[in-house]
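Below is one structure; the comments refer to it alone.
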Amino acid sequence: MVPKHELSDFGNHENSEVERWDLMQRLQVDFCLDLEWPFYYQSPAWHAAQSVLDIGCGNGYYLGKLAERFPDKQFTGYDISDEFIQIARKEQGSEKISFGVGDAHAVEGKYDFILARLVFQHLPDPEHVLTSIAESLNPGGHLLIVDSRDVWRYYYPECPRFMEFFDAFIKSQLDRSLNRDFVRTLAGNVGDYPTWNLGGAWEVVIPSTTPGNLERFRRIYGEVIQFVEESETVDLDFKALHEEWDAWCKNPDAYTHAGLSIVLLQKK
Ligand SMILES: C[S@@+](CC[C@H](N)C(=O)[O-])C[C@H]1O[C@@H](n2cnc3c(N)ncnc32)[C@H](O)[C@@H]1O
């Protein structure tokens with residue numbers, strides 16, 4: 001069976017999925033960003049950085065928000081998807097931000113600070129990307145990685161079918177060598193790397209009670225269910241999952257939260 005498309009094939013938009021992924025990226029920025037600001041504001045390395053690269057910048061929506069708040073820096077965004085880079089250039093391009101098509105496995109240029117947000121979980125060879133990023137950092141430069149932290153996922157009222165679905169999705173990703181836990185484990189293993197020092201590691205919980213977030217969660221997870229179902233990579237009773245999910249979405253008392261792993265590395 002050949003899957004129509006897979007959740008991680010961001011670079012291959014053969015099925016005109018760009019608009020859906022574009023929306024997903026905006027929702028994923030809007031529902032987390034307020035809880036990510038502290039990691040920028042409290043970071044001396046961030047304040048000192050003059051040149052910033054966002055690797056896997058997607059539509060540039062996130063980088064645009066950073067550039068608004070920190071106009072003293074020069075920003076560059078790279079993504080493997082030409083379609084996203086076109087959107088990024090059109091909407092966010094300015095004297096302060098430039099965009100280009102580029103692969104995280106072969107980063108070009110030199111920067112003080114590199115970001116990789118929700119990208120490592122989509123990379124089959126994250127070790128290679130770490131090496132490539134290190135070569136593009138100026139001495140003492142920093143890498144900030146933000147990725148999903150799946151174990152924090154929680155639903156009230158409980159959604160056992162959704163949890164089963166998500167576990168099956170994580171496993172299907174692992175079967176494709178996409179390890180959604182890589183970033184969290186990296187924090188504990190930094191001592192094994194000759195290139196990196198650990199600048200800090202945090203886990204952040206994003207609640208649905210933040211204004212606007214409940215609706216964002218509903219839309220994001222609705223899309224995730226749809227994508228995975230269409231990809232035919234997970235064998236589940238999707239009818240029952242949709243029933244459970246629709247009931248949860250209609251419940252005015254529904255609550256959920258998700259998690260992020262945030263890791264700051266410094267190049268030795
Ligand atoms: C979930 S999106 C995150 C986008 C953006 N960083 C954000 O936080 O809004 C993942 C992005 O990684 C990009 N990507 C995947 N593999 C890549 C690679 N090997 N090199 C560069 N970008 C890649 C995808 O095209 C996609 O835009």
Side-chain angles (χ1 to χ4, degrees), residues 5-37 39-40 52-68 75-92 97 99-109 111 113-133 135-136 143-150 169 173 176-180 182-183 204 206 216 219-221 223-224 227-228 231 258-263:
H5 59 82
E6 299 200 353
L7 194 60
S8 295
D9 291 342
F10 286 95
N12 174 7
H13 303 294
E14 284 171 0
N15 295 290
S16 302
E17 301 297 346
V18 180
E19 280 176 27
R20 288 167 80 188
W21 286 120
D22 180 43
L23 173 66
M24 280 278 274
Q25 288 182 8
R26 289 167 206 267
L27 290 168
Q28 283 177 332
V29 172
D30 287 341
F31 94 112
C32 302
L33 189 54
D34 272 349
L35 292 170
E36 293 177 55
W37 290 126
F39 299 94
Y40 292 98
V52 175
L53 171 68
D54 184 2
I55 194 79
C57 65
N59 58 18
Y61 185 63
Y62 186 79
L63 201 57
K65 302 264 183 205
L66 288 184
E68 270 172 31
F75 294 90
T76 305
Y78 278 149
D79 199 279
I80 203 163
S81 157
D82 179 44
E83 291 101 323
F84 283 146
I85 290 302
Q86 285 180 33
I87 296 171
R89 281 194 177 127
K90 191 167 153 217
E91 293 188 5
Q92 313 292 344
I97 323 185
F99 294 96
V101 176
D103 187 338
H105 296 82
V107 184
E108 289 176 6
Y111 304 90
F113 203 103
I114 297 184
L115 308 171
R117 183 177 182 275
L118 305 182
V119 175
F120 268 78
Q121 62 201 41
H122 301 292
L123 300 173
D125 191 357
E127 300 287 353
H128 181 156
V129 172
L130 277 179
T131 306
S132 158
I133 287 176
E135 285 167 5
S136 271
L143 165 64
L144 185 73
I145 310 180
V146 180
D147 245 356
S148 300
R149 181 74 183 107
D150 291 325
F169 164 62
Q173 295 293 88
R176 303 175 59 219
S177 305
L178 304 175
N179 179 4
R180 293 174 60 89
F182 174 79
V183 171
V204 181
I206 318 285
R216 292 185 191 114
R219 294 177 72 184
I220 288 171
Y221 287 120
E223 285 286 348
V224 170
F227 270 119
V228 176
S231 78
L260 291 178
S261 287
I262 300 183
V263 174

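Any value given below was found using the heavy atoms of this structure, including those in side chains, with hydrogens, waters and symmetry copies removed. Note that ligands are numbered from 1 as they come in the structure, with each ligand's atoms numbered from 1 the same way.
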Mark up the atoms of ligand 1 that fall under 4.0 Å of a heavy atom belonging to [X], in ascending order.
X    : result
F84  : 27 (O)
G102 : 20 (N), 21 (C)
D103 : 18 (C), 19 (N), 20 (N)
I80  : 14 (N), 17 (C), 18 (C), 19 (N), 20 (N), 21 (C), 22 (N), 23 (C), 25 (O)
V29  : 9 (O)
L123 : 16 (N), 19 (N)
H105 : 19 (N)

For atom 1 (C) of ligand 1, state which one of D54, L118, D147, D79 supplies the nearest heavy atom.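 Checking each option, the heavy atom nearest atom 1 (C) of ligand 1 is found in L118.
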
Decide whether an N or O pair under 3.5 Å exists between Q25 and ligand 1.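 It does: an N or O of Q25 is found under 3.5 Å from an N or O of ligand 1.
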
With nothing but distance in play, are any N or O atoms of Y62 less than 3.5 Å from an N or O of ligand 1?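 No, since none of the N or O atoms of Y62 sits under 3.5 Å from an N or O of ligand 1.
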
Only one of I220, I206, L33, L23 forms a side-chain contact (heavy atoms from CB on, under 4.5 Å) with Q28, so which one is it?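 Only one of I220, I206, L33, L23 forms a side-chain contact (heavy atoms from CB on, under 4.5 Å) with Q28, namely I220.
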
Does the distance from a Lys or Arg side-chain N to an Asp or Glu carboxylate O, for R26 and D22, drop under 4.0 Å?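 Yes.
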
With a 4.0 Å cut-off on N to O distance, would you call E36 and K65 a salt bridge?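 Between K65 and E36 there is no salt bridge, as every charged N stays at least 4.0 Å from the carboxylate O atoms.
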
Crowded around E108 CD? As in, over 12 foreign heavy atoms under 6.0 Å?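 Open: at most 12 neighbouring heavy atoms sit under 6.0 Å from CD of E108.
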
Using a heavy-atom cut-off of under 4.0 Å, does the side chain or the backbone of [X] touch ligand 1, or both, or neither?
X    : value
M24  : neither
V146 : neither
C57  : backbone

Parallel, tilted or perpendicular: which describes the rings of H128 and H105, with under 30° parallel and over 60° perpendicular?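 Plane angle over 60°, so perpendicular.
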
Test ring-ring contact (aromatic ring centres under 6.0 Å, His included) on F227 and W21; report intermediate values, then the result. CA-CA 10 Å; F227 270 119; W21 286 120; 4.0 Å; yes

Restricting to ring-ring contact (aromatic ring centres under 6.0 Å, His included), what partner residues turn up for Y61, sequence neighbours left out?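 ring-ring contact (aromatic ring centres under 6.0 Å, His included) check on Y61 returns nothing, list empty.
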
